[in-house]
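First up is the structure itself, then whatever we jot down about it.
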2 protein chains.
Amino acid sequence: MAKHDPALDALFQALADPTRRALLERLVRGPATVGELAGPFAMALPSLMGHLKKLETAGLIESRKDGRVRTCAVVPAAFVPVQTWLDDQRALWEGRLDRLDAYVATLMEERADGP
Amino acid sequence: MAKHDPALDALFQALADPTRRALLERLVRGPATVGELAGPFAMALPSLMGHLKKLETAGLIESRKDGRVRTCAVVPAAFVPVQTWLDDQRALWEGRLDRLDAYVATLMEERADGP
DNA sequence: GTCATGCTTAGCCATTTGCCTAAGTATTGC
DNA sequence: GCAATACTTAGGCAAATGGCTAAGCATGAC
């Protein structure tokens, strides 16, 4: 059990912004240049670059510069820790339900055996 | 397609903090009072209450006050939009791979039919 | 009633976030 | 070379975040 996973902090934080999620939604459909990514957004380029930087720092995207053009692509593996954390919580929750079921079953049996 | 889902903003934001994730990790195991939740944390009570408030605002937990004790419980359904967004992105990514496969297959056929 | 308990409210403070404009750098096209 | 293109860097600014202390307000125990 990780007591405090900074990678998860960065991942969830990166996903918490609508602009960054929109960028990812675009990039899962295929790589794009910074200019192409910026197109749909009513935002100054440096602001958008800031978002790309955060996505890259979190590991959610990678980018390479060819000449004067930077091309970005999503890194699907980066979503795994997020998915894993969510799955873990669901497993714990369901485990709790199972124990509750077992407990209720025990109560029922005791009642059936009772006076 | 939601152009900008504020609920997702709040959910991911809520999950981006290690203290709040730790609180959720505790609560998926069962309900707890504010005092019980605060126990393990080296943090002043008002700070921790702030985190609980954010979790509740995001819809990830619910709380009720009985007498002077407030009891909190996780709301598993609240995770659904997060999971859905992740699933959607994976589906889009996989769709892209499928189209890439199809494209490669087309190329291969063309080459086979070629001069 | 009085006091301890368990939150709650109010207010302050440092840092981070998200956005901007302006100016700079590196390629590419003519 | 010279200009246009595509980012990039630098710096500023308002608002949000995450933490604190101090004081307040119900409730439960005695």
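For the numbers below, each heavy atom of this structure counts, side chains included, while hydrogens, waters and symmetry mates do not. To find a chain, count down the sequence lines: A is the first, B the second, and so on, and within it residues start at 1.
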Mind checking whether M43(A) and H51(A) have side chains closer than 4.5 Å, heavy atoms only? yes
On DNA chain D, does the nearest nucleotide to P46(B) precede the nearest nucleotide to K54(B) from the 5' side, or the other way round? Give the residue. K54(B)
Phosphate-side-chain proximity, K65(B) and dA26(D), N/O vs OP1/OP2 below 4.0 Å: no
Rounding to a whole Å, what distance do you find between M49(B):CE and dA10(C):C1'? 14 Å
Which part of the nucleic acid, if any, lies within reach of G50(B) when heavy atoms closer than 4.0 Å are counted: base, sugar-phosphate only, or nothing? nothing
Picking from dG18(C), dT27(C), dC19(C), which would you name as closest to the side chain of T19(A)? dC19(C)
State which of dT21(C), dT21(D), dG6(C) makes the closest approach to the side chain of A44(B). dT21(D)
Establish, with yes or no, whether the OP1 or OP2 oxygen of dG18(D) is under 4.0 angstrom from a side-chain nitrogen or oxygen of R20(B). yes
Find the distance K53(A):NZ to dG18(C):P and express it as a whole number of Å. 14 Å
When rounded to whole Å, the CG to P distance for the pair L45(A) and dC19(C) reads 13 Å
Short side-chain N/O contact to dT17(D) OP1/OP2 from H51(B), under 4.0 Å: no
Side chain proximity check, C72(B) to L37(B), heavy atoms < 4.5 angstrom: yes
Name the residue closer to the 5' end of DNA chain C, choosing between D66(A) and T33(B) according to the nucleotide with the nearest heavy atom. T33(B)
Does dC20(D) have OP1 or OP2 under 4.0 Å away from a side-chain N or O of S47(B)? yes
When you measure from the side chain of V34(B), which nucleotide among dT9(D), dC7(C), dT27(C) comes out closest? dC7(C)
Side-chain contact check for R68(B): nearest option of dC20(D), dG18(D), dG6(C) is dG6(C)
Do the non-hydrogen side-chain atoms of L60(B) and F79(B) ever get within less than 4.5 Å of each other? yes
Say you draw a straight line from CG of L15(A) to CG of L55(A); how long is it, rounded to the nearest 0.5 Å? 8.0 Å
Can a donor-acceptor pair be found between the side chains of R70(A) and S63(A) at a distance below 3.5 Å? yes
Counting only side-chain nitrogens and oxygens, does R70(A) get under 4.0 Å of the OP1 or OP2 atom of dT8(D)? yes
